[in-house]
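Side-chain atoms are counted along with the backbone in the values below, which use heavy atoms only and exclude waters and symmetry mates. Each chain gets a letter, A, B and so on, in the order its sequence line appears, and its residues count up from 1.
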Amino acid sequence: MKEKELRRTLAVLPIGTAMKLTDLSARQIRYYEDQGLIHPQRNEGNQRMFSLNDIDRLLEIKDYLSEGMNIAGIRYEFEEKKRKSKLSNQQNHVQPLNDDDVRRILREELMQTGGLEGPDHQIPGFFHKKPL
DNA sequence: ATTCTCACA
DNA sequence: TGTGAGAA
């Protein structure tokens, strides 16, 4: 589910294709870029190269505009989306520990406590289930 | 043939 | 936002 995201960010479409895909004029597309609504990459010849995500973005801009929203409003919407996105990626969503993580944490624990003895370091259902 | 930047009768 | 000029 990650390989697919990478492909969507590949900038392989020239502005001419973006125009046909979005039914926007080159003038409009460049203007939206000036307004910070899209950030297409540039190739060796300084030509804008759009990714599928850029195309989706242009389509969204078109919809917002048709619904009466102004450029500043759209820019704010995108900023909000980015803010929420970063918030959910860091603090929240704590990935569950895998087996390697558990082994590492256990090893570090043992290193500083010096061993398994002591009721405080007994882990219920782990060391007792399969005695050496 | 395409796209880029800049400027405006 | 459209359009045309001059360059790449």
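Side-chain N or O atoms of A:Arg75 include none that pairs as donor or acceptor with a backbone N or O of A:Gly36 at under 3.5 Å. Using modelled atom types, one side-chain atom of A:Lys62 and one backbone atom of A:Thr22 make a donor-acceptor pair closer than 3.5 Å.
If you take CZ of A:Arg48 and P of B:dT3, they are 11 Å apart, rounded to a whole angstrom. Rounding to whole angstrom units, CE of residue A:Met49 and C1' of B:dT3 are separated by 11 Å. Whole-Å rounding puts the A:Glu33 CD to B:dC6 P distance at 12 Å. Whole-Å rounding puts the A:Asn46 CG to B:dT2 P distance at 19 Å. Look at CG on A:Asp23: it is 12 Å from P on C:dT1, rounded to the nearest Å. Atom CD of A:Gln28 is separated from atom P of B:dT3 by 16 Å (rounded to the nearest Å). Atom OH in A:Tyr31 sits roughly 17 Å away from atom C1' in B:dT5 (whole-Å rounding). Atom-to-atom, NZ of A:Lys20 to P of B:dT2 comes out at 7 Å; the value is rounded to the nearest Å.
Taking 4.0 angstrom as the limit, A:Arg30 places none of its side-chain polar atoms (N or O) nearer than this to OP1 or OP2 of C:dG2. Listed pair A:Ser25 / C:dT1 fails the phosphate criterion, with no side-chain N or O lying under 4.0 Å from OP1 or OP2. For the pair A:Arg27 and C:dT3, the criterion of a side-chain N or O lying under 4.0 Å from OP1 or OP2 is not met.
Side-chain contact annotation: A:Asp54 with A:Ser51, donor-acceptor N/O pair under 3.5 Å present.
Residue whose closest nucleotide on DNA chain C sits further toward the 5' end, between A:Ile71 and A:Gly45: A:Ile71.
Under the 4.5 Å side-chain criterion, counting only non-hydrogen atoms from C-beta, A:Gln28 is in contact with A:Tyr32.
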Next item on the list: Quick one: do A:Leu10 and A:Leu6 satisfy side chain to side chain contact (heavy atoms under 4.5 Å, CB included)? Show the steps, please.
Entry: CA-CA 7 Å; A:Leu10 284 182; A:Leu6 278 176; 6.0 Å; no

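If you check C:dT1 for Watson-Crick or wobble pairing at under 3.5 angstrom, you find it has no partner at all.
For A:Tyr32, the side-chain atoms get nearest to C:dT1 when compared with the rest of B:dT5, B:dT3, C:dT1.
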